[in-house]
Amino acid sequence: MTPEPQPQPTPTDEPPTPCRTCQEFTLAEAVANGERDWSRATDCRVLRKRHQESGACAD
């Protein structure tokens, strides 16, 4: 018995939409950079990376 061929995904020109939590961390990082709060900006990057690696990210 041979497996049935799976349909191939159709490519789109749109980039994948980041999840809301990732967007919130990115916005918070931008605000921190604007305020020259480098420590908080770093915290946002670390938290976004942990979120993405946790498997909870819809990305």
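Note that CD of Q23 is 7.5 Å distant from OG1 of T26, once rounded to the nearest 0.5 Å. The CD atom of Q52 lies 9.0 Å from the OG atom of S54; values are rounded to the nearest 0.5 Å. With rounding to the nearest 0.5 Å, the separation of SG in C44 from NZ in K49 is 15.5 Å. How far CD of E29 is from CG of L47: 10.5 Å, rounded to the nearest 0.5 Å.
Nearest heavy-atom pair, A41 versus A32, reported as atom, atom and distance to 0.1 Å: N-CB, 3.6 Å. In terms of heavy-atom proximity, H51 sits nearest to F25 at CB-CE1, 4.2 Å.
Under the salt bridge (charged side-chain N to carboxylate O under 4.0 Å, His left out) criterion, D37 pairs with R40, not counting sequence neighbours.
The 12-atom threshold is not exceeded at CZ of R50, counting heavy atoms of other residues, nucleotides or ligands nearer than 6.0 Å.
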